[in-house]
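One structure is given here, and the rest of the page talks about it.
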Amino acid sequence: MRKLHQILLPMLICFAPVTASAQAPGAQGGGSFRVQCPTATLLHPGSAANPTPAKSEASYSGPIYRTATKDPTGAYTFTPALTFLDHGGAIKCQEISGGDGMMTEADGNQTYMFSFGPLSGMGAIQNGQPGTEFPNVFNNPYTAGDSSGNYLSGNPNPFFDGTSPTDPLAPGANGALSDPSGIMNTGVLNGNIPAPLMAFDEDDEFLLTLSNVGMIMRPDLFEQHTVHFHGYPNASSFYDGVPDASLAINIGGSFTYYYVAPDAGTYFWHCHITPPEHLQMGMVGQLFVRPRQNRLQSGDNLFNRLAGCAVPPGSPTGTTVTCPARGVSTVVGQQSDLRTSCNPATDILCSAPIPVANTGATQPTGGAKYVYNDGDGSTAYDIDVPMQIHGFDPNFHFVGMTFNPEGFSDMKDKYFLLNGRSYPDTVGVAGGPADVLGQLASATNPDPVTHAISTNDTDSISRASQPLHSLITLSASGGHACAATVTVCGQKAALRFADLDVQEYQTLSSIGIPMLVVGFNAKILRDQAGNNLYIKTNSITLGGGESLDVILDSTGIAPGTYFLYTPQLDHLSNDAENFGGLMTEVVVIP
């Protein structure tokens, strides 16, 4: 794979000091960058904001009314002065750059992008994981790699636990950059396609800092950037990223977006400055919100914890709860939480209707993963597989790298991408055991350690430009969520499809393994009476701005290689080549 040589910055930049530093000053500086990640907030005043061990998550057992006040030192104490609902969750943070970058197509051509890049969680992102971190990881100084400048090279362990200094989940590999020189040296020409992956849990407070580092290939452009969470419910307009209603970030500046995660599902995000241009040029990313149901304790009845309708313990006198029409238990559950309760008789936009009946499904020992708060275990799965669909017009990108006007009316996609890669790069991962997503590795890849397609950054360190492969590997006999009538169950993969194409609809087909569609646009497919409306199909179609949650189940599937591909034949190409495009493999092993 060809590497981009280091490029000199042909312009002078003035610098402004910052108060915080997560990296020693370097040769190059930046503007008014300010990175924020608190260790405690009003909603999370205690240890849940900085849990031990790292990457743990507070369990959910229902809403609890608490009282708290903040003293002059910044510490929180509980008094009757203020009453609020504590839903659990934690504080999560992430930092990204807005600028430009390069990516390598499956036919070997390098393509210029307007792009977002990681400024925190870089170890996790380069190993196919979300870059979202707890404060006790985010606020650590970032370490770029070994003494030779090889980013996390030579690590033989595919399952990372954060205990080794060269481990990509260790704090040093995922700490945030807040020093101006570190932000500029790392952020310039360090774009990802798709943009850095984000994942957090319902009830989390999520703080996302965007630092605009400018475009080294287009110093004539003074592009602003924003982050818009597409389809995200109840977003404050101030943090919605639409510049008409909020603000945009200038070169040399930072802004921290703040969200309280309310609803589980698969979303996506993009820059909202000149969207047709910035989306086509690559400023698109994916995020998913994990449901509260993941955090239930072993043995909890899923229906009761969703439909429970008791007044929470410790509630102020006179607190009432609106219960759904059909019978529920008396335990505290999500219907006791006024922020997320759902009464079909009065709320036709309820995002999490309770099932028709209690199926008796319980949280298994050791926990489980679900796509939604389903109340019946029907969206349980084993493996997360983010799938960002996109298309590139190479001529538009080439013109975007030069000083010529772009022809929007002539835009025509010729590269069709899954997670920023066309086939065969969609399955080009390193050989060996399963990778960090729990999937089997394959034969070839430019980087056998991180499984990432990479380019050289301006500080001479090779970092991921396309970190996410799309290979799906399932065991025919290694699943965890097995029906009572099945003696040998396979694994389930949750395929989180998001499409931010600006030109084409995209269709994907799965022959041999049917797809179960359980969610659309971050809403569970269920009517208000509680009936599951899941769709079993071999084909799905998405337009730009849509997401789908699909479960692949290997139970009863013969071992072998299957294909997830588009039947749109002109989308099975890498520009002028006859093979490639929107296709990946599903490997079922015994």
Side-chain angles (χ1 to χ4, degrees), residues 56-62 87-90 130 132 199-204 233 261-267 286-308 331 333-335 337 340 342 350-387 437-438 474 479-484 489-497 515-526 530-535 547-555:
S56 64
E57 190 72 36
S59 61
Y60 179 79
S61 58
H87 304 279
T132 313
F200 43 93
D201 297 76
E202 278 188 290
D203 306 311
D204 282 348
D263 290 302
T266 298
Y267 303 89
Q286 190 184 93
L287 70 98
F288 52 91
V289 180
R290 307 179 188 98
R292 290 171 171 172
Q293 193 165 290
N294 286 9
R295 311 199 319 262
L296 297 181
Q297 300 195 25
S298 300
D300 277 354
N301 181 285
L302 304 185
F303 180 90
N304 288 344
R305 283 304 179 194
L306 178 62
V331 303
Q334 294 200 49
Q335 295 298 335
D337 185 338
T340 56
C342 165
C350 165
S351 61
I354 62 176
V356 172
N358 187 346
T359 63
T362 59
Q363 185 80 332
T365 302
K369 295 193 288 187
Y370 306 91
V371 183
Y372 291 100
N373 295 300
D374 52 51
D376 58 9
S378 58
T379 66
Y381 67 94
D382 301 292
I383 299 169
D384 264 309
V385 185
M387 287 280 193
L437 290 181
L474 299 171
H480 303 294
C482 202
C489 57
Q491 284 185 309
K492 295 180 179 180
L495 277 54
R496 298 178 177 272
F497 290 102
M515 297 184 281
L516 183 68
V517 183
V518 299
F520 175 65
N521 287 346
K523 296 290 184 289
I524 188 172
L525 286 179
R526 178 177 288 170
N531 299 293
N532 291 340
L533 303 179
Y534 305 157
I535 303 167
S547 69
L548 282 173
D549 298 295
V550 172
I551 293 178
L552 287 184
D553 189 350
S554 63
T555 300

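Everything numeric in this text was worked out from a predicted model, so none of it was measured. These numbers come from the heavy atoms of this one structure, side chains and all, not from hydrogens, waters or symmetry mates.
Considering only residues two or more places apart in sequence or on other chains, Ala522 meets the side chain to side chain contact (heavy atoms under 4.5 Å, CB included) condition with Tyr267. Residues satisfying the salt bridge (Lys or Arg N to Asp or Glu O under 4.0 Å) test with Asp374, not counting sequence neighbours, are none. For Asp204, the side-chain hydrogen bond (donor to acceptor under 3.5 Å, both in side chains) partners at least two apart in sequence or on another chain are Lys92. With sequence neighbours left out, Thr266 forms a side chain to side chain contact (heavy atoms under 4.5 Å, CB included) with Gln286, Phe288, Arg496, Ser547, Asp549. Ala494 is linked by a side chain to side chain contact (heavy atoms under 4.5 Å, CB included) to Val371, Tyr381, Asp384, counting only residues two or more places apart in sequence or in another chain. Residues satisfying the side chain to side chain contact (heavy atoms under 4.5 Å, CB included) criterion with Asn304, sequence neighbours excluded, are Asn301, Ser329, Val331, Asn358. Partners of Phe200 under the ring pair (Phe, Tyr, Trp, His ring centres under 6.0 Å) rule, at least two apart in sequence or in another chain, are Phe206. The salt bridge (Lys or Arg N to Asp or Glu O under 4.0 Å) search around Asp376 returns Arg526, not counting sequence neighbours.
Proximity of a side-chain donor or acceptor of Thr555 to a complementary backbone N or O of Gly490 within less than 3.5 Å is detected. With Asn532 contributing its side chain and Tyr534 its backbone, the two residues share no donor-acceptor pair below 3.5 Å. Here the side chain of Lys492 pairs no donor or acceptor atom with the backbone of Asp553 at under 3.5 angstrom. Glu202 places a side-chain N or O within 3.5 Å of a backbone atom of Arg292 that can act as its donor or acceptor partner. At distances below 3.5 Å, at least one donor-acceptor pair connects side-chain atoms of Gln363 with backbone N or O atoms of Leu296. Listed for the Gln334 side chain is no donor-acceptor partner under 3.5 Å among the backbone atoms of Arg305. No donor-acceptor distance shorter than 3.5 angstrom exists from the side chain of Thr379 to the backbone of Tyr370, with no hydrogens or angles considered.
Looking only at side-chain heavy atoms (C-beta outward), Asn531 and Pro353 stay at 4.5 Å or farther from each other. Residues Val289 and Asp263 have side chains not in contact (no heavy-atom distance under 4.5 Å, counting atoms from C-beta outward).
Exactly one of Val517, Val385, Leu516 qualifies for a side chain to side chain contact (heavy atoms under 4.5 Å, CB included) with Val550. That residue is Val517.
Of the inter-residue distances, the one linking Ser378 atom OG with Leu525 atom CG reads 10.5 Å to the nearest 0.5 angstrom. Separation of atoms CG (Leu495) and CE (Met515) is listed at 8.5 Å; rounding is to 0.5 Å. Atom CG of residue Asp300 and atom OG of residue Ser59 lie 8.5 Å apart, to the nearest 0.5 angstrom. Interatomic distance, CG of Asp382 versus CD1 of Ile551, reported as 9.5 Å (0.5 Å rounding). Residue Gln293 holds its CD atom at 11.0 Å from OH of Tyr60, rounded to the nearest 0.5 Å. The CD1 atom of Ile383 sits 10.0 Å away from atom CG of Leu552, with the distance rounded to the nearest 0.5 Å.
Contact detail for Gly377 and Ala361: the closest heavy-atom pair is N-CB, 4.4 Å. The two residues Leu306 and Pro355 come nearest to each other via the heavy atoms CD2-CD, 3.9 Å. When all heavy atoms of Ser298 and Gly367 are compared, the pair lying nearest together is OG-N, 4.3 Å. Closest approach of Ala261 to Asp201, counting heavy atoms only: CB-O, 3.4 Å.
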